[in-house]
Amino acid sequence: MSTASDTLSESTPAPAPPPSDLLDRLVSLGKQRGFFYQSSEIYGGINALYDYGPLGTRVRRNIRNRWWRSTVELRDDVEGIETSIIMNPQVWVASGHVAGFSDPLVDCTGSCRRRWRADHLPAERAARGRAPDAPGCPECGGDLTEPRQFNLMFRTFLGPVEDTSAQAYLRPETAQGMFVDFKSVLTSSRQRVPFGIAQNGKSFRNEISPGNSIFRTREFEQMEMEFFCEPGTDDHWFDYWRAERFRWYVEELGVRSSRLRLRDHEPDELAHYAKAATDVEYLYPFGWGELEGIANRTDFDLTAHQTASGVDLTYLDPVSGRRYIPYVVEPAAGVDRIMLTVLIDAYDEEEVRGERRVVMRMHPDVAPVQVAVLPLSKKEELTGPARELEHRLRPHFATEYDETQSIGRRYRRQDEIGTPLAVTFDFDSLEDHAVTIRERDGMTQVRVPVEGLEGALRDELARFRERTAARARGGSAG
RNA sequence: GCGGGAGUAGCUCAGCCGGUAGAGCAUUUGCUUCCCAAGCAAAGGGUCGCGGGUUCGAGUCCCGUCUCCCGCUCCA
């Protein structure tokens, strides 16, 4: 087994969670600055669905890009694909979602008003429903409603005619696309087991109780990878991905390790398809929550699809000549949750000269803006060259130009959205052709010639990256 | 779905026993050779979540509804 969580839980005291009102502050900030807001707000909003604003969209793209880069582009053993959101409904029959992705629920109409899963109640209680002499609710003895099906898959219809033969589903996970396309990818990519197939995209679940802002929504975005390997090597790959995925959050997103843990599932909480599972969890203001699940799905899915479709999904190893259905190790992460985590983990407040400074200590590659270009004054002699400078940097960095209000205010505004570097063009710049680079965390400044600015910014960002990862490793950021 | 709390300016909130809507911050404009939320002056911004009712009059009282937060329940 990997050591990340074991080491942590043994050698460090219980980590301090973020302050409990942080989520509220982030929701305000998110709306004010354009990270995320409730969907369809002018119509009164809609439950558990969110839109991402200009800054939030940048952060999400950065998260996706970093995942794609490390999971697909930098590896020669993982292929990326994109499959359709609506698939042949038989996919969801074979995968077990049609039968198993729903719960029959009954409500107590007596004094306790609790809700129960009908299939968890003793048979005679549920069966008698509302009968007056039935034992009813296990808690208070009150009457129970008839069981109602809560199917967690969104249903829709393919084509304009809404009859049951046209019924289809919005995918509740992207994973099935990788299983169903396993054979096509195998033959078109010249990959050999062990190898992985990855994709990122939207999934939909009719959650019974969504909540905690963007943590649990009904439409969400997944980043999933199915790693196919020979049976018998699956434990090894499970441990490998378990450690690799933990590392990714710390090293590449800068999430402090002291608020991360790997939690292995107990045998009785394992999904029916899994032999082993571990959650990467983060300590949110509302408690530990799952960021990513790593599961050993065995050969469950490929076997199920082979049986249901009648298509041979076995793999013939060209070296050993062995034929088998590969086992699958799956790391499955949620983009929305990662963004929430990044924001929560980076959020910091400090006192500077008696004033409160809000600063997002984000990893420079995740931050929505990397370099802000600011003329010291709004005088045209400065704004002209500063604008020009910003346009020159724009192809190389995520830049933003801001000339409104005082320079101090603009620094603070950039701090609040996590911009690591600000370039300030002042009156001296007109003479000495040099500008100031101001850095977010310590508010220190260096003067550099405009000529070498691009390289200087690159160097600064590299140092930033190292600092962020070191801080995340050490635990106590801020 | 149940219980509790809450919806008033972009954000945070005040608004008493019903009398015609306010603060701080933010935003915009002007002036200031201006490096850490600086100063001065001015401006814009609200059908008080939505619908109905009571009343001479409703942000305020009543009913309905939608949304958010917390808890329960649930979570492939």
Side-chain angles (χ1 to χ4, degrees), chain A residues 20-21 23-25 27-34 37-50 92 95-97 99-117 120 139 142 145 148 150 152-153 172-173 175-176 203 205-213 216 222 265 269-274 277 285-286 289-290 293 295 297 300-301 330 332 352-359 374-379 381-382 404-416 422 424-431 435-436 438 440 442-445 447:
Chain A
S20 58
D21 64 341
L23 203 55
D24 292 331
R25 271 183 280 169
V27 170
S28 296
L29 181 70
K31 191 175 177 188
Q32 209 167 177
R33 304 306 306 275
Y37 9 76
Q38 205 187 356
S39 167
S40 320
E41 207 172 18
I42 64 168
Y43 286 103
I46 181 167
N47 194 284
L49 294 165
Y50 287 85
W92 307 109
S95 70
H97 284 82
F101 203 57
S102 68
D103 301 315
L105 301 180
V106 296
D107 291 310
C108 168
T109 58
S111 55
C112 76
R113 305 255 163 199
R114 289 181 63 155
R115 172 177 280 178
W116 304 89
R117 271 184 67 157
H120 286 182
E139 178 79 11
T145 61
R148 283 173 303 170
F150 276 61
L152 301 188
M153 278 198 293
E173 63 176 22
Q176 295 303 323
S203 292
R205 292 181 196 175
N206 243 326
E207 298 285 356
I208 297 169
S209 56
N212 284 324
S213 166
R216 176 173 291 138
Q222 294 188 299
H265 283 210
E269 69 173 313
L270 286 173
H272 66 275
Y273 56 71
F286 47 84
E290 179 187 345
R297 292 182 78 131
F300 176 87
D301 299 277
E330 170 198 83
V352 177
R353 295 168 208 217
E355 296 280 353
R356 189 182 66 128
R357 180 170 89 118
V358 173
V359 50
L374 318 169
L376 186 61
S377 150
K378 213 178 177 178
K379 289 278 186 207
E381 52 187 314
L382 296 191
T404 63
Q405 300 180 318
S406 72
I407 186 70
R409 211 176 279 247
R410 282 175 279 160
Y411 283 146
R412 289 294 184 277
R413 200 148 50 198
Q414 295 300 329
D415 292 338
E416 200 176 56
T424 307
F425 193 96
D426 58 27
F427 294 100
D428 292 339
S429 305
L430 295 170
E431 309 298 325
V435 290
T436 303
R438 181 262 193 187
R440 177 194 70 201
M443 297 179 285
T444 57
Q445 298 186 325
R447 189 96 181 153

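Below, read A as the first sequence line, B as the second, and so on, with proteins coming before strands; counting in each chain starts at 1. In this text the structure is predicted, and so the values were computed from the model without any measurement. The figures here come from the full heavy-atom set of this structure, side chains too, leaving out hydrogens, waters and symmetry mates.
- Checked against side chain to side chain contact (heavy atoms under 4.5 Å, CB included), A:S40 has the following partners two or more places apart in sequence or in another chain: A:I46.
- With a glycosidic angle no more than 90° from 0, B:rC17 adopts the syn conformation.
- Between B:rG57 and B:rG53, the two P atoms lie 12 Å apart (nearest whole Å).
- A search for side chain to side chain contact (heavy atoms under 4.5 Å, CB included) contacts involving A:N47 returns A:P210, A:R218, not counting sequence neighbours.
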Under-3.5 Å N/O pairs linking protein and nucleotides 48-50 of chain B:
none

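- For the pair A:Y50 and A:E381, both in contact range of RNA chain B, the more 5′-proximal nearest nucleotide belongs to A:E381.
- Checking B:rC70, B:rC11, B:rC68 against the side-chain heavy atoms of A:L23 singles out B:rC70 as nearest.
- Judged by closest nucleotide on RNA chain B, A:D24 is the one of A:D24 and A:E269 placed further toward the 5' end.
- One finds no salt bridge joining A:R410 and A:D415 here, because no Lys/Arg side-chain nitrogen approaches an Asp/Glu carboxylate oxygen to under 4.0 Å.
- By the side chain to side chain donor-acceptor pair (under 3.5 Å) test, A:E330 is found to be paired with A:R297, residues two or more places apart in sequence or in another chain being considered.
- Nucleotides B:rC16 and B:rC74, compared at atom P, are 42 Å apart to the nearest Å.
- Taking atom P on both nucleotides, B:rC13 is separated from B:rG49 by 15 Å, rounded to a whole Å.
- Nucleic acid contact for A:I46: sugar-phosphate only, since backbone atoms but no base atoms lie under 4.0 Å from a heavy atom of the residue.
- The P atoms of B:rG15 and B:rG71 are separated by 27 Å, rounded to the nearest whole Å.
- Nucleotides B:rG46 and B:rU12, compared at atom C1', are 16 Å apart to the nearest Å.
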Starting at the 5' end of nucleotides 35-46 of chain B, put B wherever the base has a protein heavy atom under 4.0 Å, S where only the sugar-phosphate does, and a dash everywhere else.
BBBB--------
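- Among the heavy atoms of the strands, none lies under 4.0 Å from A:A422.
- For the side chain to side chain contact (heavy atoms under 4.5 Å, CB included) test, residues two or more places apart in sequence or in another chain that qualify with A:E269 are A:R263, A:H265, A:E266.
- If you take atom P in B:rG30 and the same atom in B:rG24, they sit 23 Å apart, rounded to whole Å.
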